[in-house]
Amino acid sequence: MTVTPTLTKQYIEQRGEGYWIVQTRISLDSVVYAFLNGESPESIAHDFPLLSLEKVYGAIAFYLANRELVDAYLKEGEAEFEKLQQSCRDKNPLLYQKLKAAQTQKQNKV
């Protein structure tokens, strides 16, 4: 019996402007942020039951091989989120104040 190795396998696909784990709705961002926060691949696989350990390692390998590209992509996403957050603050400052007060109150209880 002869077994033929898989020489290349895709773990990440680009859909529109984003990057996703192949055949899932899990973004590359989710895995990369967990990895950058110090979570182990095993822990990430546990947190995302749809991902095999192989897919987690594949996503991390993609990130490490394309670090400059992915870091720029993540920064763009963070900037877009900040713009959206500021827009929400500007549109409804009273709601933002209430949310901030609730967050402060919650932090003081911990």
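Minimum interatomic distance between A59 and V31 (heavy atoms only, all atoms of both residues): CB-CG1, 3.9 Å.
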**OP:** Given side-chain contact (heavy atoms from CB on, under 4.5 Å), test V70 with D29 step by step and report yes or no.
**Re:** CA-CA 9 Å; V70 177; D29 310 34; over 6 Å; no

Subject >> Working for side-chain contact (heavy atoms from CB on, under 4.5 Å), residues F81 and Q85 >> reply: CA-CA 6 Å; F81 179 76; Q85 199 174 33; 3.9 Å; yes

Original post:
Under the side-chain contact (heavy atoms from CB on, under 4.5 Å) criterion, do E76 and E17 qualify, and how do the steps go?
Top reply: CA-CA 11 Å; E76 286 176 23; E17 302 280 320; 5.5 Å; no

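With contacts defined as side-chain heavy-atom distances shorter than 4.5 Å, the pair E39/F35 does not qualify. At a threshold of 4.5 Å between non-hydrogen side-chain atoms, the residues Q23 and K55 count as touching. For the pair Q107 and Q105, the minimum side-chain heavy-atom distance is 4.5 Å or more. Using a 4.5 Å heavy-atom threshold, the side chains of R89 and Q86 count as touching.
In the hydrophobic clustering of ILVMFWY residues, with side-chain heavy atoms under 4.5 Å counting as a link, L28 and L53 come out apart. Under the 4.5 Å side-chain heavy-atom criterion for ILVMFWY residues, a single connected hydrophobic cluster contains both I60 and L36. At a threshold of 4.5 Å between side-chain heavy atoms, the hydrophobic network of Ile, Leu, Val, Met, Phe, Trp and Tyr places Y33 and W20 in two separate groups. Hydrophobic clustering (ILVMFWY, side-chain heavy atoms < 4.5 Å, transitive): V22 and L64 are in distinct clusters.
Of the listed residues (I26, I44, D47), just one forms a side chain to side chain contact (heavy atoms under 4.5 Å, CB included) with V56, and that residue is I44.
Atom-to-atom distance recorded for L51:CG and I21:CD1 is 5.5 Å, nearest 0.5 angstrom.
The stretch residues 47-69 participates, sequence neighbours left out, in no ring pair (Phe, Tyr, Trp, His ring centres under 6.0 Å) pair at all.
Environment of CZ in R15: crowded, with over 12 heavy atoms of neighbouring residues, nucleotides or ligands closer than 6.0 Å. Counting non-hydrogen atoms of other residues, nucleotides and ligands closer than 6.0 Å to CD of Q14 gives a total above 12. By the 6.0 Å contact criterion, CD on E42 is enclosed, its count of non-hydrogen atoms from other residues, nucleotides or ligands being greater than 12. Enclosure of atom CD in E82 by more than 12 non-hydrogen atoms of other residues, nucleotides or ligands within 6.0 angstrom is indicated.
Checked against ring pair (Phe, Tyr, Trp, His ring centres under 6.0 Å), Y73 has the following partners two or more places apart in sequence or in another chain: Y19.
When hydrophobic residues (I, L, V, M, F, W, Y) are linked wherever their side-chain heavy atoms come within less than 4.5 Å, the members clustered with L95 are L99.
Remark: the S40 side chain and the S43 side chain contain no N/O donor-acceptor pair separated by less than 3.5 Å.
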